[in-house]
Protein chains: 2
Amino acid sequence: MAVTIRDVARQAQVSVSTVSRALSAPGLVKEATRQRVLDVVAGLGYQPNRAARSLITGRTGNLGIVVPDLGNPFFPAVLRGVQTRAGEAGTSVFFCDSREDPRTEAELVRTMAAQVDGVVLCASLMSDEQIVDLADLTPLVLINRIVPGVSSVLMDSASGMDQVVAHLESLGHKHYVYLGGPEAAWSNHRRMQGLRGRAQLLGSFEANFGGGGTAAEQALKTGATAFIAYNDLMALGVLSRLAALDVKVPQQISVTGFDDILYAAMCSPALTTVHMPTEEAGQVAVDLLAGLLDGGPAEQRELPTNLVIRASTTAAAKHE
Amino acid sequence: MAVTIRDVARQAQVSVSTVSRALSAPGLVKEATRQRVLDVVAGLGYQPNRAARSLITGRTGNLGIVVPDLGNPFFPAVLRGVQTRAGEAGTSVFFCDSREDPRTEAELVRTMAAQVDGVVLCASLMSDEQIVDLADLTPLVLINRIVPGVSSVLMDSASGMDQVVAHLESLGHKHYVYLGGPEAAWSNHRRMQGLRGRAQLLGSFEANFGGGGTAAEQALKTGATAFIAYNDLMALGVLSRLAALDVKVPQQISVTGFDDILYAAMCSPALTTVHMPTEEAGQVAVDLLAGLLDGGPAEQRELPTNLVIRASTTAAAKHE
DNA sequence: GTGAAAGCGCTAACAG
DNA sequence: CTGTTAGCGCTTTCAC
């Protein structure tokens, strides 16, 4: 069995409570005593048993994050942010992939709730009501989703989309289409708002490579000179399909994405897209969670996004 | 406060021990009693307190996974496999990104060790000795790394590389170079073995997009007709740089990657690469961990890899 | 088959 | 400032 607090107490010639205090309430112990305890702790390699501690404090020192799809590079980036900030506080992080199923999401949050101090929920597909119920169960912070009364951090999609539109118009594009994401995705609606009705809307497609391909074919029929994809994964599908159809990007069609995932800079032509501060969002989410745990109120935070202009957009083709 | 075992006991008119048994040792309780308890459990929505349970059993019901870089899509895929299998067993998973630092790796494993039943360590950069020490501390399963006496699951790089070489030679390539990964990466050495000395070795580069670009320039000077990249991320960098230099792939140079990350199929030309059963590896790792926890011996498991031929390779150019 | 009781390792009053 | 004591919620002997 591992070394316990009693071992430390014995060797440091103090009571267990002193050891406990030396470790978690330094101010309450005489400096000399504290030092002695710390030395013994180091010498013995003592690590407090978290189960015992949490049994009594009611806190686990853990937190959870639920994402819809680990296969979308966007989410691992958020994970990284969460872990970075959490790690600084000595907090460990559980993760779960809901595979884009709202039912699974709810179940995962419930399961996690039992063993974490709070959970971060990314791009949730659940209804507002479900989310409120969950927030009632455990401290909850949303990423890219707003539900009244629930903490959230938002990467400003609307503004990002606004920048896309401005960019396209400055290039002389008059007719551009929006290749929509899933109907159920909150971000999809948010992004449409940023469009301000200036783009033709083209249905709703799966938010992945395949969906982009399908969307591209339909978009081609509209005669638009620029395609705005819901996200980068779709945009990559668009690029691929257009290449296959021998449509030149950006000479014939300009294409934009959203998210600025790793691949956006790696493909050719490199994708003009909206950069999302994903890691930062993860970090801020942890901060908001901390606030909640300290008894603070729910907070909303909005992080700026910015357009990254690369090679997939150019001036609109002259009238042909 | 949440509902406890005593609440259940009271309402079911039995003792707490009976409730406990009904839940975790069904055989020791009369069926009728058990049913009554289960009904109450369901009615009250009772969830056993994991901290209390683990305090006494010594098991946490959690496991951890440490990866070198969440930004490489290869690793989220492994995470997914781990979580899938672990979830089936009601086990939750902690994750950590070591940012490719062996020191951080060791620290993370040590920290995790205190609150998990075992850890999965991916593509570790630590020395054999360090790993053995850690394996001594907590049940440990390695992915893509072999250390004597420690459990591991291997995706067969050597064979994969062998297939790459065979493919290239069947296309008539005589002179091809290997753009090496990090010196410290075990997989890098393993992959070189698969080369069997038939490729020219070209230093060691960062295993990412940037590294690929650098490597491509050097490789061009060798006059080789095919470039074998350490991994897909590098290969994508190669593709990008060659495109910038107006070198046609595959007409002038054939390029291969390794891993078959999502994007390998999305880029153009689509990448010929070695497919790795990442999710499966994650699942098998969990199985091996379970074996270890049941007191079983360390085991090695090897998963097959296979070449996926796409558009980035073609017959060697005729003598120019 | 079931109950009573003894802790798991730790923190948090409460004294001193 | 430090020690003593009483549990946190659960599993697990040990009786019956």
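Every chain is numbered from 1 and lettered A, B, ... according to where its sequence line falls, protein lines coming before strand lines.
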Student: Is there a side-chain contact between A:Pro68 and A:Cys122 in this structure, where contact means two heavy atoms from C-beta onward sitting under 4.5 Å apart?
Tutor: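 Touching, per the 4.5 Å side-chain cut-off.
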Student: Using a strict heavy-atom distance below 4.0 Å, which residues from residues 35-54 of chain B are in contact with DNA chain C?
Tutor: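 Residues of residues 35-54 of chain B that come under 4.0 Å of DNA chain C do not exist, since none gets that close.
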Student: Output the residues of residues 110-118 of chain A in contact with DNA chain C, where contact means a heavy atom of the residue under 4.0 Å from an atom of the strand; sort by number or write none.
Tutor: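 When residues 110-118 of chain A is checked for heavy atoms under 4.0 Å from DNA chain C, there are no hits whatsoever.
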Student: At what distance, to the nearest 0.5 angstrom, does CD1 of B:Ile5 lie from CG of B:Leu44?
Tutor: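 Interatomic distance, B:Ile5 CD1 to B:Leu44 CG, rounded to 0.5 Å: 12.0 Å.
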Student: Provide a list of protein-nucleic acid N or O atom pairs under 3.5 angstrom, restricted to nucleotides 5-7 of chain C.
Tutor:
none

Student: Any salt bridge linking A:Glu107 with A:Arg110? Criterion: basic side-chain nitrogen under 4.0 Å from a carboxylate oxygen.
Tutor: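 The answer is no: the pair does not qualify as a salt bridge.
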Student: Using side chain to side chain donor-acceptor pair (under 3.5 Å) as the criterion, list what pairs up with B:Ser15, not counting sequence neighbours.
Tutor: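 For B:Ser15 the side chain to side chain donor-acceptor pair (under 3.5 Å) partners, ignoring immediate neighbours, are B:Ser17, B:Thr18.
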Student: Find the distance A:Leu28:CG to C:dG16:C1' and express it as a whole number of Å.
Tutor: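 These atoms are roughly 16 Å apart.
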Student: What is the distance, rounded to the nearest whole Å, between atom CZ of A:Arg59 and atom P of D:dG9?
Tutor: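 Spelled out: CZ on A:Arg59 to P on D:dG9 is 17 Å.
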Student: Atom CD1 of B:Ile5 to atom P of D:dC8: distance rounded to whole Å?
Tutor: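 Whole-Å distance recorded here is 14 Å.
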Student: B:Glu299 vs B:Ser151, test: side chain to side chain donor-acceptor pair (under 3.5 Å). Steps then yes/no.
Tutor: CA-CA 5 Å; B:Glu299 275 180 78; B:Ser151 284; over 6 Å; no
Student: For DNA chain C, which residues of residues 18-25 of chain B approach it to below 4.0 angstrom with any heavy atom?
Tutor: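 Heavy-atom contacts with DNA chain C come from B:Thr18, B:Arg21.
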Student: Measure the spacing between CD1 of B:Ile143 and CE of B:Met276 and express it to the nearest 0.5 Å.
Tutor: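 Going from CD1 on B:Ile143 over to CE on B:Met276, the span is 10.5 Å.
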Student: Is the number of heavy atoms from other residues, nucleotides or ligands under 6.0 Å of A:Arg6 CZ greater than 12?
Tutor: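 No, not enclosed.
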Student: Measuring from atom CG of A:Asp69 to atom CD of A:Glu100, what distance do you get when rounded to the nearest 0.5 angstrom?
Tutor: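 Spacing of CG (A:Asp69) from CD (A:Glu100) equals 5.0 Å.
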Student: Given that B:Ser15 and B:Leu55 both sit by DNA chain C, which one's nearest nucleotide is further toward the 5' end?
Tutor: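 The 5'-side residue here is B:Ser15.
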Student: Verify salt bridge (charged side-chain N to carboxylate O under 4.0 Å, His left out) between B:Glu105 and B:Arg145, making sure each step is shown before the conclusion.
Tutor: CA-CA 14 Å; B:Glu105 264 183 323; B:Arg145 172 77 185 248; over 6 Å; no
Student: Report the distance from atom CD1 of A:Ile146 to atom CG of A:Asp128, rounding to the nearest 0.5 Å.
Tutor: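 Answer for the CD1-CG pair, A:Ile146 versus A:Asp128, is 10.5 Å.
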Student: Atom CZ of residue position A:Arg99 - does it have more than 12 heavy atoms of other residues, nucleotides or ligands inside 6.0 Å?
Tutor: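 Yes, CZ of A:Arg99 has more than 12 neighbouring heavy atoms, counting only those of other groups under 6.0 Å.
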Student: D:dT2 C1' sits how many Å from A:Glu31 CD, rounded?
Tutor: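 Checked: the CD to C1' distance equals 16 Å.
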Student: For the OG1 atom of B:Thr138 and the CG atom of B:Asp117, what is their distance to the nearest 0.5 Å?
Tutor: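 These two atoms lie 8.0 Å from each other.
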Student: Roughly how far apart are A:Phe75 CZ and A:Ile261 CD1, rounded to 0.5 Å?
Tutor: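 Here the interatomic distance stands at 11.0 Å.
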Student: Is there a side-chain contact between A:Asn62 and A:Ser92, using heavy atoms and a 4.5 Å cut-off?
Tutor: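 Sidechains of A:Ser92 and A:Asn62: in contact.
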Student: State whether A:Asp39 and A:Arg36 are salt-bridged, where the test is any N-O pair (Lys NZ or Arg NE/NH1/NH2 against Asp/Glu carboxylate O) under 4.0 Å.
Tutor: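 Salt bridge absent between A:Asp39 and A:Arg36.
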Student: If an axis is fit to five pairs at each end of the helix from C:dG1-D:dC16 to C:dG16-D:dC1, what is the angle between the two, to the nearest 10°?
Tutor: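 Inter-axis angle at the termini of the helix from C:dG1-D:dC16 to C:dG16-D:dC1: 30°.
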Student: Can you check whether B:Met155 reaches B:Phe74 side chain to side chain, under 4.5 Å on heavy atoms?
Tutor: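 Touching, per the 4.5 Å side-chain cut-off.
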Student: Rounding to a whole Å, what distance do you find between A:Gln13:CD and D:dG3:P?
Tutor: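 Rounded to whole Å, this separation is 10 Å.
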Student: Check the distance between C:dC10's P and A:Arg6's CZ and give it to me in whole angstrom.
Tutor: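 Rounding to the nearest Å, CZ of A:Arg6 and P of C:dC10 are 9 Å apart.
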Student: The side chain of A:Val14 lies closest to which of these nucleotides: C:dA4, D:dG9, D:dG3?
Tutor: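 For A:Val14, the side-chain atoms sit closest to D:dG3.
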